[in-house]
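Let me begin by presenting the structure, written as C-alpha cells, before commenting on it.
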Amino acid sequence: MNQEEVIRTHSAGDLSVKKLGAEVLLAGWVQRRRDHGNIIFIDLRDRNGIVQIVSNPTQNEAIHKIAEKVRNEFVLRVKGIVSRRPKGTENPNLLTGDIEIIISQMDILNTSETPPFEIEDNVNVDEGIRLKYRYLDLRRPEMLKNLSARYKVVKTVRNFLDKHGFIEVETPILTKSTPEGARDFLVPSRLQPGHFYALPQSPQLFKQILMVSGIEKYFQLARCFRDEDLRADRQPEHTQIDMEMSFMTQDEIISLMEEMISTVFSDVLEMEIEYPFERLDYDESMLRYGNDKPDLRFGLEIKDVSDIIANSEFKVFSNAVNSGGVVRSINVSGGSSFSRSQLDELTELAKSLGANGLAWIVLEENSLKSPIVKFLKEEEVKQINNRMEAKSGDLLLFVADKPSTAADVLGNIRLKIAERLNLIDHSQYKFIWIVNPPLVEYDDEEKRYKALHHPFTLPTEESIDLIEKDPLSAKAKAYDLVLNGVEIGGGSLRIHSKDIQQKVFKLLGITEEEMQEKFGFLLDAFEYGTPPHGGIAFGLDRLVMLLMKKKSIRDVIAFPKTETATCLMTEAPSTVSEKQLRELQIRKR
RNA sequence: GGGGCUGUCGUUCAGCGGUUUAGGACAUCGCCCUGUCACGGCGAAGAUCGCGGGUUCGAAUCCCGUCAGCCCCGCCA
C-alpha cells in the first residue's frame with residue numbers, strides 16, 4: 001500500500017449501514033481471524049468497537065496471502081467497501097453486525113506475539129498477569145470504559161467547579177514532612193544533604209494558605225501519597241478532588257457538593273440522584289452501624305440493651321455495663337436458620353476483632369435456644385426481645401464490651417451477615433453525610449489525643465471551651481460523605497485564628513518548637529487577615545470504583561500497584577546505582 | 001507485624017502419598033474446510049507442579065521455611 005495522506009478515515013466501531021457502499025480506510029487490531037480455507041474473516045478492533053472484514057481469494061489473491069498470515073493483535077490497515085452482509089449472516093451480537101468490509105487493500109502495520117490472555121471482557125485471568133501486561137489489559141473494552149468514566153467524572157467536576165467560580169491551582173509535590181497522619185514518602189535533597197522533602201499526603205496546608213491569599217474558591221485534582229499498607233480501596237498514591245472555599249458555611253459547602261455529586265451521576269451514569277442526602281451524627285452512626293461509614297443498603301441495625309441488663313445476674317453482661325462498657329445487639333431477621341458452626345464462625349470473627357465472645361439467642365417457635373438465656377430473667381429476655389423487635393425465627397447476637405469494641409465488632413458482623421444472607425441490593429446508591437464528629441480521640445498506645453479528622457479542623461462554637469476542659473466531648477465542624485459503606489469524601493470548616501489553632505496543637509501534644517518548625521508559616525499567615533474557610537476532598541478513585549461497580553480501585557487506575565506496593569509492569573520500586581546514592585549522600589545499612 | 005485464600009503447560013482448571021509417561025479446556029503450531037462470528041474437523045507441540053529444605057522405599061500431593069498475588073486486622077490525621 002502506498003503511503004497516503006491519512007492512515008485511516010473511519011473507526012471500525014462507528015461503521016453502520018449508513019455508510020453502505022462507501023470506501024473506507026480502517027486501522028486497528030485483529031480481535032480474531034476465522035480461516036475457512038478459502039474465505040477468511042477478520043474481526044478488526046479499534047477503540048470504538050469491532051467490524052468484520054472479509055477476504056475472498058477469488059477477488060484478490062495477494063490480499064488473501066496477507067490475510068492468511070494475520071494473527072491475534074496484529075495491527076492492520078485496511079481499505080475496503082462497506083457492504084451489507086449476505087442475508088442470514090448478520091450478527092445481532094455485534095453493533096456493526098449488519099455490515100462487513102470487502103477488502104481492496106491491506107497492510108500489516110505491525111505484528112504481535114501471542115498475547116498471554118485474550119483481549120476481551122470477563123477474562124478469567126490472575127490479576128498479577130493483568131498488571132504485568134497492563135498495556136494488553138487496558139485494551140479490554142471494560143478497562144477502556146473505566147478509564148473513560150474516570151475522565152468523564154474529572155471533566156464534569158472541572159466544568160461544575162468552573163461554573164461555580166473555582167480556580168484550579170497546582171500545589172507542590174515536593175513539600176515538607178509534617179507530624180500526625182500517615183507515614184510520609186520521603187525524597188532526599190541533593191543540594192541539602194541530610195534534608196528531605198515529603199510527598200504530600202494532601203494539599204491541606206497549601207489550600208488553606210490559598211484562602212489566606214484570597215483565592216476564595218480553589219480546587220485541584222491532587223495526587224496524594226501515603227506510605228501505608230494497601231487494600232482493595234487504598235493505593236500508595238491516589239487522586240483527590242480537593243477543594244477549599246472562603247466565606248461559606250458548612251451547609252453551603254454540603255449542598256454545593258450534593259449538587260456536584262448529582263451532576264456527576266447524571267453526566268456519567270445518566271442517573272438522577274436525589275438530594276439533599278441524609279445526615280447522621282457521628283455518634284449515632286457508631287451506635288447504630290458500628291462505624292463512621294455505614295452501608296445503608298440494608299438494615300441489621302445495632303441497638304443498645306445495656307440498661308435492661310445492667311443489674312442482671314448474668315455477670316458477663318452486668319459487669320461489662322458496670323465497668324463502663326455496654327451490651328449491644330443485632331437482630332438477624334430469619335437468622336434462626338444459622339447452624340451451630342456458622343454461629344461458632346461468627347464468634348471466632350468477633351474474637352478476632354477483639355471481643356471476648358459473642359452471645360446469641362435463637363428464637364424458635366415456642367422456645368429459645370441459647371447458651372446464655374438460663375442466666376437471664378424472663379422479664380429481661382422479654383424486654384430485650386421487645387427492644388430488638390425480635391420474633392420467632394430471628395437470631396439475636398450480643399457483644400458486651402467497651403463501647404468502641406462493641407461498635408467495631410457488631411459493625412463488622414453486620415457487614416458479614418449482610419453479605420452472607422445476600423441482603424445488599426447492588427443496584428442502589430445510598431449516600432449519607434456523617435456529621436458532628438468528635439474533635440479528637442484518645443490514643444491508648446501513644447497515650448495522647450489524636451485529631452479525628454486533622455489538626456486544622458474547626459471545633460464547634462460550643463466546643464471551643466472544651467478543648468482544654470473536656471477534649472473528648474469537643475465536636476468538630478466536619479462532614480464525611482459515605483456511599484454504600486465507603487467513605488468517598490471528607491471535609492471540615494478550618495480553624496482560621498492563631499489562638500484556637502495553637503490550643504488544638506497543644507491538645508495534640510505538639511510542642512511550641514514543633515509548632516514553629518512545622519507549621520510556623522501557617523500560624524504566621526493566620527496573622528494577616530485569614531478569612532473563615534472550609535473545604536472537602538473526594539477520593540476520585542473510590543468514587544469511580546463505585547460508579548463502575550468495581551470491587552477495587554485498581555480497576556479504575558491505569559497503572560496501579562500490588563499489595564506489596566510493586567508495579568508489576570515497571571517492577572518499581574527498584575535498586576539504584578551507587579553513584580545516585582553517593583550524590584544524595586545516602587548509605588544503605 | 002498478624003489472620004485467611006491461592007500458586008500445576010501461554011492462560012484457566014483437574015490431579016492432593018503409588019498404572020501420572022502430570023489430565024481437560026482455551027490459546028499456539030501444522031493439515032483440511034467459501035459465510036463464519038466462542039467457526040468447524042483431524043493432528044502436533046507445550047509443565048524441572050513458585051522457590052528452598054525436610055518426612056518417606058516413593059512427594060505436584062504431607063510438614064517447615066520462603067517468595068509472589070488476592071482478601072482482611074493493625075496501620076491509613
Would one find a side-chain N or O of Thr89(A) under 4.0 angstrom from OP1 or OP2 of U36(B)?
-> no

Counting any heavy atom closer than 4.0 Å, what does Thr564(A) reach on the DNA or RNA strands: base, sugar-phosphate only, or nothing?
-> sugar-phosphate

Determine the interatomic distance between C1' on G7(B) and the same-named atom on G52(B); round to the nearest Å.
-> 16 Å

Integer angstrom distance from the P of G3(B) to that of C13(B) | 26 Å

With P as the reference atom in both, quote the distance from U55(B) to C29(B) in angstrom, rounded to an integer.
-> 46 Å

Ignoring backbone atoms, establish whether Thr58(A) has a side-chain N or O less than 4.0 Å from OP1 or OP2 of U34(B).
-> no

Lys/Arg-Asp/Glu bridge criterion (N-O < 4.0 Å) met for Glu244(A), Arg494(A) = yes

Using a 4.0 Å heavy-atom cut-off across all strands, classify Leu452(A) as base, sugar-phosphate, or nothing.
-> sugar-phosphate

With rounding to whole Å, what would you report as the distance between C16(B) and U21(B) at their P atoms?
-> 15 Å

Euclidean distance, atom CD of residue Gln240(A) to atom P of C76(B) [Å, nearest integer] = 16 Å

Identify whether a stacking contact exists between His36(A) and C39(B), where the ring centres must be under 5.5 Å apart and the planes under 30° apart.
-> yes

Which is true for Glu90(A) with a 4.0 Å heavy-atom rule: it touches a base, it touches only sugar-phosphate, or it touches nothing?
-> base

Is any side-chain N of the basic residue among Arg130(A) and Asp137(A) closer than 4.0 Å to the acidic one's carboxylate O?
-> yes

Considering only heavy side-chain atoms of Phe41(A), the closest of C70(B), C72(B), G35(B) is G35(B)

Under 4.0 Å between any heavy atoms, over every strand shown, what does Asp126(A) touch: base, sugar-phosphate, or nothing? Just pick one.
-> sugar-phosphate

Atom pair distance, as rounded to whole Å: CD1 in Ile102(A) and P in G35(B) | 14 Å

The answer to which of Lys561(A) and Lys450(A) contacts RNA chain B further toward the 5' end, by nearest nucleotide, is Lys561(A)

Aromatic contact, Phe225(A) with His238(A) (centres under 6.0 Å) | no

Pairing partner (Watson-Crick or G-U wobble, both distances under 3.5 angstrom) of U66(B) = G50(B)

Using a cut-off of 6.0 Å, state whether more than 12 heavy atoms not belonging to Arg448(A) lie near its atom CZ.
-> yes

Quantified in whole Å, what is the C1' atom distance between nucleotide C9(B) and nucleotide U36(B)?
-> 30 Å

Reckon Pro86(A) touches a base, only the sugar-phosphate, or nothing at all at heavy-atom distances under 4.0 Å?
-> base

Using atom CD of Glu446(A) as one end and atom C1' of C76(B) as the other, report the distance to the nearest whole Å.
-> 13 Å

Identify whether any heavy atom of Asp35(A) sits under 4.0 Å from a base atom; if not, whether one sits that close to sugar-phosphate; answer base, sugar-phosphate or nothing.
-> base

Check whether any side-chain N or O of Arg554(A) sits under 4.0 Å from OP1 or OP2 of G69(B), and answer yes or no.
-> no

Does U11(B) have Phe117(A) stacked on its base, where the ring centres are within less than 5.5 Å and the planes differ by under 30°?
-> no

Are Arg139(A) and Glu73(A) within salt-bridge range, i.e. N to O under 4.0 Å?
-> yes

C51(B) and A68(B): how far apart are their C1' atoms, nearest whole angstrom?
-> 10 Å

Looking only at U12(B), C37(B), C71(B), the nucleotide nearest the Arg85(A) side chain is C37(B)

Atom CG of Asn122(A) and atom P of A38(B) are separated, to the nearest Å, by 14 Å

Assign Ile129(A) to base, sugar-phosphate, or nothing according to its heavy-atom contacts below 4.0 angstrom with the strands shown.
-> sugar-phosphate

Tell whether Arg226(A) reaches the base of C76(B) with its side chain through a donor-acceptor pair below 3.5 angstrom.
-> no

Determine, using ring centers only, whether Phe519(A) and Phe456(A) are less than 6.0 Å apart.
-> yes

Given Lys475(A), which of Asp281(A), Asp283(A), Asp470(A) fulfils the salt bridge (charged side-chain N to carboxylate O under 4.0 Å, His left out) condition?
-> Asp283(A)

Whole-Å distance, Glu113(A) CD to A27(B) P, equals 18 Å

Using the P atoms only, state how far U6(B) lies from C62(B), rounded to an integer number of Å.
-> 11 Å

Quote, to the nearest angstrom, the C1' distance that separates G18(B) from A60(B).
-> 13 Å

Distance, rounded to the nearest Å, where Asp408(A) contributes CG and G74(B) contributes P = 6 Å

Taking any strand in view, what nucleotide pairs with C57(B) in a Watson-Crick or G-U wobble way, both distances under 3.5 Å?
-> G18(B)

Counting heavy atoms from C-beta on, name the nucleotide in G35(B), C72(B), G74(B) closest to the side chain of Arg234(A).
-> G74(B)

Shortest non-hydrogen contact from Leu523(A) toward Gln516(A) = CD1-NE2, 4.2 Å

Does Arg71(A) have a side-chain nitrogen or oxygen under 4.0 Å from the phosphate oxygens OP1 or OP2 of C29(B)?
-> yes

The answer to which of Leu94(A) and Leu131(A) contacts RNA chain B further toward the 5' end, by nearest nucleotide, is Leu94(A)

Would you say a side-chain N or O of Arg34(A) is under 4.0 Å from OP1 or OP2 of C39(B)?
-> yes

Does the side chain of Asn91(A) get closer than 4.0 angstrom to OP1 or OP2 of C37(B) through an N or O atom?
-> no

Who pairs with C31(B) - Watson-Crick or G-U, where each distance is under 3.5 Å | G41(B)

So what does Asn56(A) hit on the nucleic acid, given a heavy-atom distance under 4.0 Å: a base, only sugar-phosphate, or nothing?
-> base

Give a yes or no answer on whether the side chain of Thr96(A) reaches the backbone of Leu15(A) with a donor-acceptor pair at less than 3.5 Å.
-> no

NA contact type, Thr114(A), heavy-atom cut-off 4.0 Å: base, sugar-phosphate, or nothing?
-> sugar-phosphate

Just do the salt bridge (charged side-chain N to carboxylate O under 4.0 Å, His left out) check on Arg183(A) and Glu228(A) with the steps written out, would you?
-> CA-CA 6 Å; Arg183(A) 195 175 291 112; Glu228(A) 298 292 349; 3.4 Å; yes

Whole angstrom is fine here: how far is it from CG in Asn412(A) over to P in C71(B)?
-> 17 Å

Polar side-chain contact Asp229(A)-G74(B) base: donor and acceptor under 3.5 Å | yes

Taking atom types as they are modelled, is there a donor-acceptor pair under 3.5 Å from the base of U11(B) to the side chain of Glu118(A)?
-> no

Between CD of Glu345(A) and P of C72(B) the distance, given in whole Å, is 17 Å

Contact class for Arg32(A) (heavy atom, under 4.0 Å): base, sugar-phosphate, or nothing?
-> sugar-phosphate

Can a donor-acceptor pair under 3.5 Å be found between the side-chain atoms of Arg231(A) and the base atoms of G74(B)?
-> yes

Indicate, with a heavy-atom threshold strictly under 4.0 Å, whether Glu563(A) touches base, sugar-phosphate, or nothing.
-> base

